[in-house]
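Only one structure is covered here, and it is reproduced in the block below.
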There are 2 protein chains.
Amino acid sequence: MTKKRVTSQDVANLAGVSRTTVSLVLNDVKGANIPEATRQRVFEAVKTLGYVPNEAARALVSQRSKAIGLVLTRDPSHIDTDAFLPRIITGLLEVVKKHNLRLLIESVNVDHQDQVYLQLARAKRIDGMILSTPRIDDTALRQLEDVGIPTVMMGLLSDSDLYSVDVNNRLAARKAVDYLLRLGHTKIACISNAPESYTASPDRVQGYRDALEAAGIEMDNDLICFGDFDPQSGYDRMKSLLALDKKFTAAFVASDNVAIGAKAALRAAGLKVPDDVSLIGFDDIPWAQYSDPPLTTIRLPAQELAKSSCLMLIDIMQGLEPVDKKLILETELVVRSSCRKLD
Amino acid sequence: MTKKRVTSQDVANLAGVSRTTVSLVLNDVKGANIPEATRQRVFEAVKTLGYVPNEAARALVSQRSKAIGLVLTRDPSHIDTDAFLPRIITGLLEVVKKHNLRLLIESVNVDHQDQVYLQLARAKRIDGMILSTPRIDDTALRQLEDVGIPTVMMGLLSDSDLYSVDVNNRLAARKAVDYLLRLGHTKIACISNAPESYTASPDRVQGYRDALEAAGIEMDNDLICFGDFDPQSGYDRMKSLLALDKKFTAAFVASDNVAIGAKAALRAAGLKVPDDVSLIGFDDIPWAQYSDPPLTTIRLPAQELAKSSCLMLIDIMQGLEPVDKKLILETELVVRSSCRKLD
DNA sequence: ATACCAAACTAACACGTGTTACTAACTCGT
DNA sequence: ACGAGTTAGTAACACGTGTTAGTTTGGTAT
């Protein structure tokens, strides 16, 4: 009754060869000369028995698990509303599958990150890892280099030696604000995507600053605030901004997801987009183009980000030096209808 | 220079005991009597060396990988815009972490599903799996039972013996349409969430039918069509419906994600929600409450679905018979502002 | 003094694979 | 005929852990 496990020994027995030969055939070892007839016998036996090599045994002897990990360094509550995660995942899955790897997902609560990193790495559960949304104050990142597990960051940590793939957040933000400036706006509010400790956030604010400065517009720090990933935070921040009564005519919200909430707050205040306030987002999540009005935003190549990270990681895992240690992908201004020209 | 791997033997040496003792201490085996002093010595050594047990070796000997798999049975393009996936993942991660398991994500392209299922199961990469969005015509599901890997389906396949967790799609859909009926609508269009082959889809349409029938309203099959997961499909279907010129006053769209597109199509046709057409969705994705107008919808307890599936799976993996073989969770009508009362 | 027993530990096997070093047989040029 | 090389295959070890059966040590009852 109990399903007997099928091992390579069983295959060997059925094919009338040794276990070694089975291994040589299945792994297509080129040094060994196995005549076609024998190979076929082995394949036949494999098929008959439905044999699948035990990954644990294989991992043990080869010292590699053939899996990579995607580590999310955010609170689950923030991940919940992340409209990008699915794209990241499909991007990773595509590459991972092509290379016969598996994808492990792990989230670390900000408290004891160190443990988790080391655990995963040392336990050899994964051969490499992709870190998403790194934080500036993440001390565990330093330790990571000691463990010596191949790592790629999606998102740049400027003062780190680790490999990374990212967009130029600063430049992209500037592109967005420059666009608003071209439309004639001068009083422009800014809601960033996340708290300052997440690296992309201050970068995007800096881009906002760059644009205003280049245009010779005086900065009003009251108009700058930091969201917290989800729409609710956008709603709250926009409400606060409106309470200041500063009469801004446009807002740069450095995350479409946060912009969703910001827009709701504008509506609640009786303000229309773009008639009363122009709104430009960041990311181009799927929702953006179907919003009412369709949201003008900066397109972040989410899937490319994921794929490139993954490919880079695989290179590193194979001991190859990737062409770029820090790869920067292009962003693109996507003009829709949420910004109007000021007369 | 080369980082030497730390094994339990090293720990044993440092602590001045045998490797067996180390294992007994670390796994807290109750039969063995290890005095407190020795235990402390072992823990000390573990800490000093930064020892972490090799998972592959552990998996090999214990015949369990301590990982579960989430298998997505959809095209990547559909997963991309799935606003629910993040919630599912955080739900799973929460439970998984609590039980010291890992989460593996796998997508199977509809073509060769069988292989993938079997591969994962036989290779012992995972101890159990959660299937999302099962399809009616999925023959591999049958084979799955043969392999004998614990499996839970998120989404019900009525004629299958497998364990499952789902909502009552039919009843939930009826709730939605009943609400529209109460508001006085009688010409109600229906766009389902997915092609008919995905089980939830025909169920929801059936709920729509139930409601109309109970109200004694004649059915117009032209008003029923099937979306395809993403907003674009909603846009297309709604456009087709409008082209029929059937003058419906309300639409039940069995997926918020599809509803996003449907709403855009209405807008493109110069129709306002809810003034011209009332719109009710399904799922209550994060976007729904921030939509303009806020979308009335049926709340699907995504995270609960994930958690319950996971808990059920863990029960099964431990050989326990879960209380319900087919668990049904509650849905809830969430009234917002996308439906108006007809006079 | 001997038998017995519990406490504290350990030697040795099993898990299923990849791989190296080796053998036996067969071919071939001289 | 004979050494050299090739071909086809295998025995045996390594990977790092969990676990069983067994061994020593020291104490205690008979």
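Hydrogens, waters and symmetry mates are skipped; everything else that's a heavy atom, side chains included, is used. Throughout, protein chains are lettered first and strands after them, A, B, ... in sequence-line order, and every chain is numbered starting at 1.
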For the helix from C:dA1-D:dT30 to C:dT30-D:dA1, how many degrees between its two end axes (five pairs per end), to the nearest 10°?
-> 60°
Can you tell me the distance, in whole Å, between the CG atom of A:Asn54 and the C1' atom of D:dG16?
-> 14 Å
CG of A:Leu26 versus P of C:dT17: gap in Å, rounded?
-> 9 Å
Close side-chain approach of A:Ser308 and A:Leu329, heavy atoms under 4.5 Å = yes
Kindly determine whether A:Val22 and A:Val17 satisfy side chain to side chain contact (heavy atoms under 4.5 Å, CB included), including the steps that lead there.
-> CA-CA 7 Å; A:Val22 173; A:Val17 297; 4.0 Å; yes
NZ/NE/NH1/NH2 to OD/OE distance under 4.0 Å, B:Lys307 and B:Glu94 | yes
How is B:Gln9 classified with respect to the nucleic acid when contacts are heavy atoms under 4.0 Å: base, sugar-phosphate, or nothing?
-> nothing
So does A:Thr38 get a side-chain nitrogen or oxygen closer than 4.0 Å to the phosphate oxygens (OP1/OP2) of D:dG9?
-> yes
What is the distance, rounded to the nearest whole Å, between atom CG of A:Asn33 and atom C1' of D:dG9?
-> 11 Å
Does a nitrogen or oxygen in the side chain of A:Thr20 sit under 4.0 Å from OP1 or OP2 of D:dT10?
-> no
Are OP1 or OP2 of C:dG16 and a side-chain N or O of A:Arg58 less than 4.0 angstrom apart?
-> no
Where the side chain of B:Ser23 is concerned, which of C:dT17, D:dG18, D:dT17 is the nearest nucleotide?
-> D:dG18
Reckon A:Thr21 has a side-chain N or O less than 4.0 Å from the OP1 or OP2 of D:dA8?
-> no
Atom OH of A:Tyr51 and atom C1' of C:dG18 are separated, to the nearest Å, by 10 Å
Considering only side-chain heavy atoms of B:Val17, which listed nucleotide, D:dT10, D:dA8, C:dT10, is closest?
-> C:dT10
Look at the rings of A:Tyr198 and A:Phe229 and say which category their plane angle falls in: under 30° parallel, 30 to 60° tilted, over 60° perpendicular.
-> perpendicular
Does A:Arg19 place a side-chain N or O at less than 4.0 Å from the phosphate oxygens OP1/OP2 of D:dT10?
-> no
Interatomic distance where CG belongs to A:Asp10 and P belongs to C:dG16 [whole Å] | 9 Å
State plainly whether the residues B:Arg39 and B:Asp28 are in salt-bridge range, i.e. N to O under 4.0 Å.
-> yes
Please work out if B:Val29 contacts a base, only the sugar-phosphate, or nothing of the nucleic acid, heavy-atom cut-off 4.0 Å.
-> nothing
Given B:Ser309, which of B:Val165, B:Ile314, B:Leu327 fulfils the side-chain contact (heavy atoms from CB on, under 4.5 Å) condition?
-> B:Val165
From CD of B:Glu55 across to C1' of D:dG16 the rounded distance in Å is 12 Å
Using atom types as modelled and distance alone, determine if a side-chain donor or acceptor of B:Thr73 lies under 3.5 Å from a backbone N or O of B:Ser132.
-> yes
Compare side-chain N and O positions of A:Gln63 against OP1 and OP2 of D:dG16 and report whether any pair is under 4.0 Å apart.
-> yes
Counting only side-chain N and O atoms of B:Ser8, is one of them less than 4.0 Å from OP1 or OP2 of D:dT17?
-> yes
Tell me: NZ of A:Lys66 to P of C:dG16, nearest whole Å?
-> 20 Å
Would you say the side chains of B:Thr20 and B:Ser23 form a donor-acceptor pair under 3.5 Å?
-> no
Interatomic distance where CG belongs to B:Leu24 and C1' belongs to D:dG18 [whole Å] = 9 Å
